[in-house]
Participant: 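I have a structure here, written as structure tokens, and I will follow up with some questions on it.
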Amino acid sequence: MLNNFRYCLVFFTLLLGLNSHGQQALIPLPKKAVWSENQLDLSHGARLSVDGTVGKNEVTLLEEILRKNDVTIKRKRKLPVISLYIVPALHGIDSTEGYTLDIGPKGICIKALDTKGIFYGIQTLAQFEINKSHFSYVSILDEPAYSTRGYLVDVGRNYQPVSMLKEQIDVMAKYKLNVLHFHFTEDIAWRLESKKYTGITAAENMTRWAGKYYSLEDFNDLIDYCEKRHILFLPEIDMPGHSAAFSRYFKVNMQSEKGILYIQDLLKEFAESFPSLKHLHIGGDEVKITNKSFMPLITRYVDSLGFKTYGWEPGSNLQAETVRQLWMGGPEAIDPTSRLQYLDSKHLYINHMDPLETVTTLFFRKFAEQEKQSRQLSGAILCSWPDRAVEKPEDMFLQSAIYPAILTFAERIWRGGGESGWKANLPNKDRVGFSEFKEFENRLLAHKNKYFSNLPFPYQKQSEMHWELIGPYHNQGELEKTFAIEQDLYSDDVKVYKKQIGGTIILRHWWDSIIAGIIDDPKPNTTFYARTRIWSDRNQVKKFLDRLCKFVTILCE
């Protein structure tokens, strides 16, 4: 009972310390924030003062936040003022997405160089823990480390309804992501209506989610929805690879003479259907180039339609003016002498990672080994590739930690930094990186409870899960082979190979030449055991499946 009491006492003290300084569980954490114990009381209402150049959407968003927190807007002069101002200059702010947020005795003031900054300042305010219309005093100066903070959703393989896409866009906006990379053409299906070639979206030309596609109205709706939230809609028409759906309909290869004419027709129709779009991803990955003039020709044609082009790297022969989206290879830095423009998506595929590993990996990521934006690198795009068929769209969010990933990525891409190399496991408890992760994890779980109670959010606290690995034992390829150590597994005299913290322990990563597991020199056909302690509120005997605590690895040379 004494140990239990001490644990609770320490935990309670930490909570009191956190609240007494008014600090909030914000994601992403602002660049600079100075908190105070005092609070602004708006229970009697407030006056609203808005610069005429601030957008209507921003004012509406602010009013919604105030209404949810029982703050009434009045015209009385003696009331505190809530103000939104666009100014020509702000000390310490260079980005049009940056802002200052000050809360004090006179009211709340958000300033920015552009409406985008006002929008992000309001999004930060929306995350405040507000008790009975009381706002903690704070002075925030904030701006992003990278100007491109994207999220890719693949609807070519598995269709998602527009309502689900809007739900993800809302989450993107809340956490300050600003590019929706929309991958809608695939081998499996072409999912955008064509008025000229209506059969391209016919059910017989799709091998999964047959007959499910987006109308021109759906697309325009998504474009408008993104624009109101300061999100760039970046569609991808993958060329010439991932184009089996195109070939099934037209009966030709896209790189052929006829195929080029057809794809140009579709591109022209696309440009005419969505005149507000100025950015287009042209793909270029995972394909055998049989016509070396295809990509240069298509790039020039897309340029002539008024689009800035993006393509996958490595891929086909992209042109110098096309932004390279990195997707394969190690974490090496970009050549600083390169004149090309890049975005990082290497090891940013959510479907490649276990949900707990996802948060660990993304928290420590250092994009292209850079601290912040450079001339060559404007940012990164997190990717959701649901490769496998799913019965219903919601399954994609359960199989991959999409929302935990978005929040963790949003933290890292806004703040910059990270650690060199790619991490799959948590660092040792005595390292600064561990304490930083634990602090972020607390904020992440606070957001899970507050904003995602009715949405799939497959993440649990792992920074307090302690494991001891015991081994290795050579199993000669017999996966079910047992060893005498199983009889003494819980003895304090057992030699422990390594101690590790975390919910998912990567013994040997499938990219072991790039990402280290916790086994220093993994050998084929070896067995490891893992043991941990589980808290019980009373002294009792409980049965557990020992086999669940046994890790078997098959390591191939």
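For reference, positions follow the sequence shown, starting with 1.
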Participant: Check whether F367 forms a cation-pi arrangement with R365 (NZ or CZ under 6.0 Å from the six-membered ring centre, at most 45° off the ring normal).
Facilitator: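 Cation-pi check for R365 and F367: fails.
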Participant: H279: what forms a ring-ring contact (aromatic ring centres under 6.0 Å, His included) with it, not counting sequence neighbours?
Facilitator: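 Counting only residues at least two positions away or on another chain, H279 forms a ring-ring contact (aromatic ring centres under 6.0 Å, His included) with Y310.
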Participant: Can you list everything that forms a side chain to side chain contact (heavy atoms under 4.5 Å, CB included) with A244? Sequence neighbours excluded, please.
Facilitator: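 Per chain and number, A244 pairs via side chain to side chain contact (heavy atoms under 4.5 Å, CB included) with D187, R248.
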Participant: Report the residues that fulfil ring-ring contact (aromatic ring centres under 6.0 Å, His included) with Y213, sequence neighbours left out, ordered by chain and then residue number.
Facilitator: none
Participant: Output all residues satisfying ring-ring contact (aromatic ring centres under 6.0 Å, His included) with F294, sequence neighbours left out; order by chain, then residue number.
Facilitator: none
Participant: Are the charged groups of K392 and D395 less than 4.0 angstrom apart, N to O?
Facilitator: yes
Participant: Without hydrogens or angle criteria, can the side chains of T504 and E357 be said to hold a donor-acceptor pair below 3.5 Å?
Facilitator: no
Participant: Would you call R157 and H242 a side-chain contact if the rule is heavy atoms closer than 4.5 Å?
Facilitator: yes
Participant: Considering residues at least two apart in sequence or located in another chain, which fulfil the ring-ring contact (aromatic ring centres under 6.0 Å, His included) criterion with Y459?
Facilitator: none
Participant: Any side-chain donor paired with an acceptor under 3.5 Å for Y403 and E167?
Facilitator: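 Side-chain D/A pair, Y403 to E167: present.
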Participant: Between R431 and E419 (salt bridge meaning N to carboxylate O under 4.0 Å), is one present in this structure?
Facilitator: yes
Participant: Against E97, only a single residue in K116, K176, R149 fulfils salt bridge (charged side-chain N to carboxylate O under 4.0 Å, His left out); can you say which?
Facilitator: R149
Participant: Salt bridge check, E411 against R443: does any charged N sit closer than 4.0 Å to a carboxylate O?
Facilitator: yes
Participant: Is there side-chain contact between Y197 and F246, with at least one heavy-atom pair below 4.5 Å?
Facilitator: no
Participant: I need the single residue from F184, W209, F182 that forms a ring-ring contact (aromatic ring centres under 6.0 Å, His included) with Y214. Which is it?
Facilitator: F182
Participant: With E371, which residues qualify under salt bridge (charged side-chain N to carboxylate O under 4.0 Å, His left out), at least two apart?
Facilitator: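 Result, salt bridge (charged side-chain N to carboxylate O under 4.0 Å, His left out) vs E371: K366.
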Participant: Do W327 and P314 come within less than 4.5 Å of each other through their side chains, counting heavy atoms only?
Facilitator: yes
